[in-house]
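One structure below.
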Amino acid sequence: MDFSVKKLASDAGVFFSRAVQYTEEKLGQAEKTELDAHFEGLLVRADSTKNWTEKIYRQTEVLLQPNPIDHTGARIEEFLYEKLDRKVPYRATNGEILGQYMLEAAKEFGPGTPYGSTLIQVGDCQRRLGGAEREFLQTSSISFLTPLRNFLEGDWRTITKERRLLENRRLDLDACKARLKKAKAAEAKAAAVPDFQETRPRNYVLSASASALWSEEVEKAEQELRVAQTEFDRQAEVTRLLLEGISSTHVNHLRCLHEFVEAQATYYSQCHHFMQELQKELSSANGDVRYPNSFVVNPRSVRSPSADPSSTLPINSLSPETEPLQIEEVQPPASGTRKAKVLYDYDAADTSELSLLADELITVYTVPGMDSDWLIGERGNQKGKVPVTYLELLS
């Protein structure tokens with residue numbers, strides 16, 4: 001019990017001494033031991049690494065799990081299973097769920113119907129996309145997120161602990177320096193003003209005794225200073241080694257970043273491959289039929305939001321080798337027609353095209369083999385090709 005009380009009193013004294021030293025430093029009333037420029041550079045580099053690693057980690061989590069509610073729930077579930085030392089159960093992605101819904105809808109509508117068979121094809125593709133997404137999330141979590149989290153929750157906490165300890169050692173060192181300075185000043189004052197003017201020897205004895213006491217105080221302060229300097233130097237070396245290890249952290253994070261990029265590239269490549277296969281399947285199933293509301297982007301088209309509407313015309317329409325469509329032979333398809341509102345005035349370039357006036361309503365439809373950037377437009381008895389970019393299709 002006595003030992004605990006003494007230790008508590010000692011710790012309280014140390015804490016009070018550090019608090020006084022810190023306060024006096026802030027007020028400019030005490031000197032502060034400065035670290036060398038290289039050490040300060042290591043501290044700045046470490047703080048920058050921590051801050052940017054934390055930002056990248058948080059934003060990567062948002063990228064991989066956009067819904068914050070789902071993200072929080074998933075993290076809590078993973079944490080609980082980790083503490084229970086159990087494997088996290090299988091969690092379907094949104095793409096896999098969508099694909100499952102489409103397949104179930106196809107069974108109800110009839111897999112032999114055009115809509116049902118298409119739902120099966122699209123649903124199967126969505127399930128494969130969801131599976132690729134799940135693999136991407138797992139790979140990214142293991143190869144990229146986990147190393148970043150380990151740094152923030154492991155290495156950085158150790159560095160922070162040692163830096164805090166170094167700051168305490170510095171405060172102790174500066175406090176010892178301040179006590180030694182005060183003791184030396186008092187000793188010099190006692191030695192410089194002995195009471196020789198007094199005839200009574202008692203005063204001289206007291207003056208000499210005070211000088212001896214201050215000499216002992218100086219020796220004690222010097223001993224405490226040597227101990228504090230040794231502890232500070234040892235802690236500074238430990239902290240320096242940890243801070244220099246940030247270079248190894250950068251190398252490790254660089255490798256993880258390459259793996260993350262590879263995982264992304266693989267994921268997007270798989271998605272592109274799956275969608276190309278789906279487009280081929282739908283094209284082979286529907287033949288050359290194109291629906292009025294489905295338009296394929298023409299890579300040879302030059303479009304600019306700020307440019308004049310006429311600049312959005314397809315380049316291949318300007319080629320002199322293009323054979324004009326026989327408009328008089330074109331008939332509306334069996335799939336029906338749609339209404340469209342004209343957005344801009346358009347002057348027909350030849351007899352196969354139909355001139356347009358802004359805000360008027362016309363009937364449009366497409367025909368097999370026709371360029372996807374054009375539709376057939378009808379206004380009363382007039383008929384001709386019209387550019388899609390000049391129209392707003394109405395339901």
Side-chain angles (χ1 to χ4, degrees), residues 1-54 151-193 208-250:
M1 181 64 181
D2 294 339
F3 175 79
S4 300
V5 172
K6 291 180 180 179
K7 186 177 184 304
L8 181 62
S10 176
D11 292 343
V14 172
F15 177 79
F16 180 76
S17 175
R18 291 171 180 171
V20 170
Q21 178 65 25
Y22 182 81
T23 303
E24 290 180 349
E25 288 177 358
K26 291 300 182 181
L27 297 176
Q29 299 175 357
E31 296 181 359
K32 177 181 178 181
T33 300
E34 299 293 342
L35 301 170
D36 60 81
H38 176 65
F39 200 103
E40 291 289 353
L42 291 176
L43 289 174
V44 172
R45 187 171 184 235
D47 288 334
S48 178
T49 300
K50 181 263 180 181
N51 292 334
W52 285 111
T53 300
E54 192 171 40
F151 167 73
L152 294 173
E153 297 180 356
D155 295 348
W156 183 251
R157 287 185 178 178
T158 302
I159 292 175
T160 302
K161 177 183 176 181
E162 297 301 329
R163 286 176 64 177
R164 190 181 301 113
L165 188 57
L166 176 63
E167 178 65 11
N168 290 337
R169 294 288 181 263
R170 185 198 62 77
L171 291 172
D172 294 341
L173 175 63
D174 290 336
C176 289
K177 289 180 179 179
R179 283 196 296 270
L180 177 61
K181 185 177 180 180
K182 292 177 181 178
K184 286 185 175 181
E187 180 189 31
K189 182 177 180 181
V193 192
S209 176
S211 179
L213 289 175
W214 280 116
S215 296
E216 293 179 2
E217 188 67 24
V218 168
E219 292 179 1
K220 181 180 178 181
E222 289 177 344
Q223 176 63 24
E224 291 178 349
L225 177 60
R226 285 192 292 271
V227 174
Q229 185 69 55
T230 301
E231 293 180 350
F232 172 78
D233 293 340
R234 184 187 300 114
Q235 185 59 37
E237 185 62 23
V238 172
T239 308
R240 183 192 300 273
L241 292 175
L242 290 174
L243 294 176
E244 289 176 347
I246 292 294
S247 298
S248 300
T249 299
H250 285 190

Please assess Lys50 against Glu54 for the test salt bridge (Lys or Arg N to Asp or Glu O under 4.0 Å), listing each intermediate value before the final yes or no.
CA-CA 6 Å; Lys50 181 263 180 181; Glu54 192 171 40; 3.3 Å; yes
List the residues meeting ring pair (Phe, Tyr, Trp, His ring centres under 6.0 Å) with Phe232, not counting sequence neighbours, and say none if there are none.
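Counting only residues at least two positions away or on another chain, Phe232 forms no ring pair (Phe, Tyr, Trp, His ring centres under 6.0 Å).
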By salt bridge (Lys or Arg N to Asp or Glu O under 4.0 Å), which residues pair with [X], not counting sequence neighbours?
{"X": "Asp47", "value": "Arg163"}
{"X": "Lys177", "value": "none"}
{"X": "Glu244", "value": "none"}
{"X": "Glu40", "value": "none"}

Given side chain to side chain contact (heavy atoms under 4.5 Å, CB included), test Thr249 with Thr53 step by step and report yes or no.
CA-CA 11 Å; Thr249 299; Thr53 300; 6.0 Å; no
Please enumerate all residues that pass side-chain hydrogen bond (donor to acceptor under 3.5 Å, both in side chains) together with [X], with sequence neighbours excluded.
{"X": "Thr49", "answer": "His250"}
{"X": "Ser247", "answer": "Arg45"}
{"X": "Thr160", "answer": "Trp156"}
{"X": "Asn168", "answer": "none"}

State plainly whether the residues Arg170 and Glu167 are in salt-bridge range, i.e. N to O under 4.0 Å.
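Salt bridge between Arg170 and Glu167, a charged N being under 4.0 Å from a carboxylate O: yes.
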Spacing of [X] atom [atom1] and [Y] atom [atom2] [to the nearest 0.5 Å]:
{"X": "Cys176", "Y": "Leu171", "atom1": "SG", "atom2": "CG", "value": "11.0 Å"}
{"X": "Ile246", "Y": "Leu42", "atom1": "CD1", "atom2": "CG", "value": "9.0 Å"}
{"X": "Asp172", "Y": "Gln229", "atom1": "CG", "atom2": "CD", "value": "12.0 Å"}

Show every donor-acceptor pair shorter than 3.5 Å between a side-chain atom in residues 234-242 and any protein atom, with sequence neighbours excluded, or say none if there are none.
unit_1	atom_1	unit_2	atom_2	d
Gln235	NE2	Glu162	O	3.1
Gln235	NE2	Glu162	OE1	2.6
Gln235	NE2	Thr239	OG1	3.4
Thr239	OG1	Gln235	O	2.9
Arg240	NH2	Asp36	OD2	3.1

Indicate every side-chain donor-acceptor pair of residues 219-228 with a distance under 3.5 Å to a residue at least two apart or in another chain.
unit_1	atom_1	unit_2	atom_2	d
Gln223	OE1	Arg226	NH2	2.7

Would Arg169 and Leu173 count as a side chain to side chain contact (heavy atoms under 4.5 Å, CB included) if you check the C-alpha gap in whole Å, the side-chain angles of each, and the deciding distance to 0.1 Å?
CA-CA 6 Å; Arg169 294 288 181 263; Leu173 175 63; over 6 Å; no
